Amino acid sequence: MFVGSLEIDLLLGDIHSLKQKRSVVRPIVASLARLRVAVAEVDDLDLHRRARIGVAAVAGDARHVGEILDACESLVSNRPEIEVLSVRRIVRGSDD
């Protein structure tokens with residue numbers, strides 16, 4: 001069994017309230033959830049223009065976990081209304 005995670009740090013566009021932030025972050029989280037991963041906004045909750053999203057996936061082999069995380073990263077990176085500042089990826093096997 002392999003477990004992979006992504007921590008995606010985002011800079012949001014012209015956002016002036018937490019309500020506007022939610023209207024941008026919620027669709028991103030929902031689209032990631034359709035990829036059958038665990039996903040949540042995990043940090044920078046009180047900042048208007050920043051968001052940090054955590055993604056976790058489990059699979060039987062490391063290659064499959066990598067493919068799932070690649071798809072998640074691509075989905076977020078292709079959104080024009082945000083800028084991805086950094087992505088941190090970790091994949092661990094049962095031997096780690």
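All values below were derived from every heavy atom in this structure, side-chain atoms included, with hydrogens, water molecules and symmetry-related copies excluded. From a predicted model like this one, the values you see are computed outputs, not experimental measurements.
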Query - Chi angles and distances behind the side-chain contact (heavy atoms from CB on, under 4.5 Å) call for L11, R50 - result: CA-CA 5 Å; L11 178 63; R50 295 289 294 274; 3.9 Å; yes
Query raised in the report: When you look at V3 and V91, which way does the side-chain contact (heavy atoms from CB on, under 4.5 Å) test go after all the steps?
Result: CA-CA 6 Å; V3 178; V91 176; over 6 Å; no
Query raised in the report: Are L18 and H48 close enough, and set up right, to give a side-chain contact (heavy atoms from CB on, under 4.5 Å), and what steps lead you there?
Result: CA-CA 6 Å; L18 293 177; H48 294 191; 3.6 Å; yes
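Using modelled atom types, no side-chain atom of E73 and backbone atom of L69 make a donor-acceptor pair closer than 3.5 Å. A donor-acceptor pair under 3.5 Å is formed between the side chain of S23 and the backbone N or O of Q20.
To the nearest 0.5 Å, atoms CD1 (I28) and CD (E81) are separated by 5.5 Å. Going from atom NZ of K21 over to atom CG of L47 covers 6.0 Å, rounded to the nearest 0.5 Å. To the nearest 0.5 Å, atom CD1 of residue I8 and atom CG of residue L85 are 11.5 Å apart. Summarising the geometry, atom CG belonging to L35 is positioned 5.0 Å from atom SG belonging to C72; distances are rounded to the nearest 0.5 Å. Annotation: the span from L6 atom CG to L32 atom CG amounts to 8.5 Å, rounded to 0.5 Å.
Within the 4.5 Å cutoff, side-chain heavy atoms of P27 are placed close to those of R79. A 4.5 Å side-chain heavy-atom check between I53 and V39 finds at least one atom pair inside the cut-off.
In this structure, the side-chain contact (heavy atoms from CB on, under 4.5 Å) partners of I90, at least two apart in sequence or on a different chain, are S5, R88, R92.
Counting all heavy atoms, side chain and backbone alike, V76 lies closest to V84 at CG1-CG2, 4.0 Å. Among all heavy-atom pairs drawn from I68 and A57, the shortest one is CG2-CB, 3.7 Å. Heavy-atom minimum distance, R49 versus G13: NE-O, 2.9 Å.
Note on E7 versus R52: salt bridge recorded, some NZ/NE/NH1/NH2 to OD/OE distance being below 4.0 Å.
Identified under the side-chain hydrogen bond (donor to acceptor under 3.5 Å, both in side chains) test for residues 58-72, with sequence neighbours left out: R63-E67, D70-R89.
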